[in-house]
Amino acid sequence: MGRFTLPRDLYHGKGSLAELKNLKGKKAIIVVGGGSMKRGGFLGQAEEYLKEAGMEVKLFEGVEADPSVETVMRGAKMMQEFEPDWIVAMGGGSPIDAAKTMWAFYEYPDVTFEDLITPFSFPELRQKAHFCAIPSTSGTATEVTAFAVITDYQKGVKYPLADFNITPDVAIVDPALAETMPPKLVAHTGMDAMTHAIEAYVSTLHCNYTDPLALHAIKMIHDYLKKSYDGDMDARAQMHDAQCLAGMAFSNALLGIVHSMAHKTGAAFSGGHIIHGAANAMYLPKVIKFNAKNQEAAERYADIARFISLPGNTTDELIESLIEELRNMNRMLNIPLGIKNYGEGGLIADTSIIDEKEFLDKLPTVAELAIGDACTGSNPRIPTQEEMEKLLKACYYDAEIDF
């Protein structure tokens, strides 16, 4: 038996933020990040719409990129004191992911973070509040997914939390919010969305309900990401929809080891973070090569190449075309091809912020953690410890793989 879960209501198109006026409740808390929503005027609009709906409104501001366990607990405490019946999260993936996790601790103050790490182990939510997600970036699609990623900085580990309970009740996908994104963010979130769609299409849990969403998202991202990066706002609006379609696919088909590797390398090194979308962009071509040893996965990668009109007569030729096209997209978007050229902010550099010796010293541990990541189970080919170490090294040095 399969399951396909989405928000009950999804409002999309310019001006859809105004749908907040129609929410029914007494109190709403808005969870936001570092200030772009305030500077763009969207936070003020959201407050006014909720007040028009007759609600008392409180703000939880300052959720950091890669939100921490500590931030989640602070937000949950505010919710426990304020007692909202709507949690409205707006901004990038970070404030929405943080708010999803706060929601669990608000409704169940005695639950522990360790309780939630096991996939699909959340308690039954919606006992106190419903959840509305409003994305401002075009990548994570957390507004329609059953996932959140929270970082334990003391352990240097990103935890992907998974449970259909945290799929939002309402998603508002208003492209006006995405117009504020700088080009680098467009690039990283866009390649995150591409990875979502490709991993969902080859996942061992793909089905007739997820395949059309994944393929159409891949085509839209291939057609519109570079134009969005160059400042075309019509393309930016198309990308906002495309990333949401990719999210619908992967929330139900799950992901693979590109995300496992990105989760476990993101906060592992002292030189700085490997930004999630950039990590996915660097690792995806290597993982396609690795997964293509599985015949079903190989045929599905070839399907993708055909669907976006890449050259090739054989399955192998089509896979190589797909790999090279993704590498070309990285080049056009100023994303490194390997960690050895990963500079500050995820830009291409001669010298990486990730020290080679530290990377090699930590390689066995990072590889072990990546294999144990929640996303590994639905990958078409499960790597051994030795294979995961080889994969990660290939991603560091941008080396060819054949194993």
Side-chain angles (χ1 to χ4, degrees), residues 3-10 23 25 28-33 60 63 66-69 71-80 84-135 137 139-152 158-173 192 196 200 205 210 243-244 246-255 259 263 276 373-375 377-378:
R3 177 172 177 171
F4 189 82
T5 300
L6 295 175
R8 180 179 175 207
D9 296 303
L10 191 154
L23 297 184
I29 188 166
I30 304 177
V31 179
V32 291
F60 182 89
V63 176
D66 301 304
S68 65
V69 176
T71 294
V72 166
M73 299 314 292
R74 284 192 296 106
K77 186 173 187 299
M78 180 183 284
M79 291 178 187
Q80 289 157 13
D85 39 25
W86 275 100
I87 299 167
V88 177
M90 65 187 303
S94 296
I96 299 175
D97 282 4
K100 285 179 173 180
T101 316
M102 293 171 190
W103 189 15
F105 290 109
Y106 165 44
E107 298 208 352
Y108 294 90
D110 294 332
V111 79
T112 68
F113 189 70
E114 288 69 28
D115 293 334
L116 305 181
I117 292 171
T118 303
F120 302 97
S121 63
F122 274 62
E124 192 71 29
L125 298 180
R126 296 168 180 82
Q127 309 305 305
K128 298 178 181 177
H130 287 82
F131 195 100
C132 175
I134 309 166
T137 60
T140 69
T142 189
E143 73 275 6
V144 293
T145 75
F147 299 96
V149 179
I150 304 298
T151 302
D152 186 328
K158 287 186 177 184
Y159 289 103
L161 307 179
D163 198 286
F164 287 115
N165 265 288
I166 57 172
T167 305
D169 299 286
V170 175
I172 296 176
V173 186
D192 188 20
H196 291 156
L205 295 175
T210 60
Q243 63 86 30
C244 188
M248 293 178 190
F250 92 78
S251 186
N252 291 281
L254 306 188
L255 292 164
H259 272 77
H263 292 151
H276 181 71
D373 187 89
C375 293
S378 46

Is there a donor-acceptor pair closer than 3.5 Å between any side-chain N or O of [X] and the backbone N or O of [Y]?
{"X": "Ser378", "Y": "Leu255", "result": "yes"}
{"X": "Glu143", "Y": "Ala133", "result": "no"}
{"X": "Tyr108", "Y": "Phe122", "result": "no"}
{"X": "Ser121", "Y": "Asp115", "result": "yes"}
{"X": "Gln80", "Y": "Met78", "result": "no"}

What is the distance from atom [atom1] of [X] to atom [atom2] of [Y], rounded to the nearest 0.5 Å?
{"X": "Ile117", "Y": "Asp152", "atom1": "CD1", "atom2": "CG", "answer": "7.5 Å"}
{"X": "Phe60", "Y": "Met79", "atom1": "CZ", "atom2": "CE", "answer": "8.0 Å"}
{"X": "Lys100", "Y": "Thr145", "atom1": "NZ", "atom2": "OG1", "answer": "3.5 Å"}
{"X": "Ile29", "Y": "Tyr106", "atom1": "CD1", "atom2": "OH", "answer": "9.0 Å"}
{"X": "Asp66", "Y": "His276", "atom1": "CG", "atom2": "NE2", "answer": "9.5 Å"}
{"X": "Phe105", "Y": "Leu116", "atom1": "CZ", "atom2": "CG", "answer": "4.5 Å"}

Shortest non-hydrogen contact between [X] and [Y], atoms and distance:
{"X": "Ala99", "Y": "Ala89", "answer": "CB-CB, 3.6 Å"}
{"X": "Cys132", "Y": "Ile172", "answer": "SG-CD1, 3.9 Å"}
{"X": "Ala374", "Y": "Pro119", "answer": "CB-CG, 3.9 Å"}
{"X": "Phe4", "Y": "Met248", "answer": "CE1-O, 4.3 Å"}

Using the side-chain contact (heavy atoms from CB on, under 4.5 Å) rule, take Arg126 and Asn165 through it: C-alpha gap first, then chi angles, then the decisive distance, then the call. CA-CA 8 Å; Arg126 296 168 180 82; Asn165 265 288; 4.2 Å; yes
Side chains of [X] and [Y]: does their closest heavy-atom pair fall under 4.5 Å?
{"X": "Thr140", "Y": "Pro135", "answer": "no"}
{"X": "Glu124", "Y": "Glu107", "answer": "no"}
{"X": "Pro67", "Y": "Ile150", "answer": "yes"}
{"X": "Asn252", "Y": "Leu6", "answer": "yes"}
{"X": "Cys375", "Y": "His263", "answer": "yes"}
{"X": "Ser251", "Y": "Val144", "answer": "no"}

According to the interplanar angle, ranging from 0 to 90°, do the rings of [X] and [Y] count as parallel (below 30°), tilted (30 to 60°) or perpendicular (above 60°)?
{"X": "Trp86", "Y": "His130", "answer": "tilted"}
{"X": "Phe120", "Y": "Phe164", "answer": "tilted"}
{"X": "Tyr159", "Y": "Phe113", "answer": "perpendicular"}

Working for side-chain contact (heavy atoms from CB on, under 4.5 Å), residues Ile30 and Met90: CA-CA 7 Å; Ile30 304 177; Met90 65 187 303; 4.1 Å; yes
Flag if over 12 foreign heavy atoms under 6.0 Å of NZ, Lys128: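 Atom NZ in Lys128 is packed in, count exceeds 12.
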Is a donor from one side chain sitting under 3.5 angstrom from an acceptor on the other, for Thr142 and Asp97?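 Yes, Asp97 and Thr142 have a side-chain donor paired with an acceptor closer than 3.5 Å.
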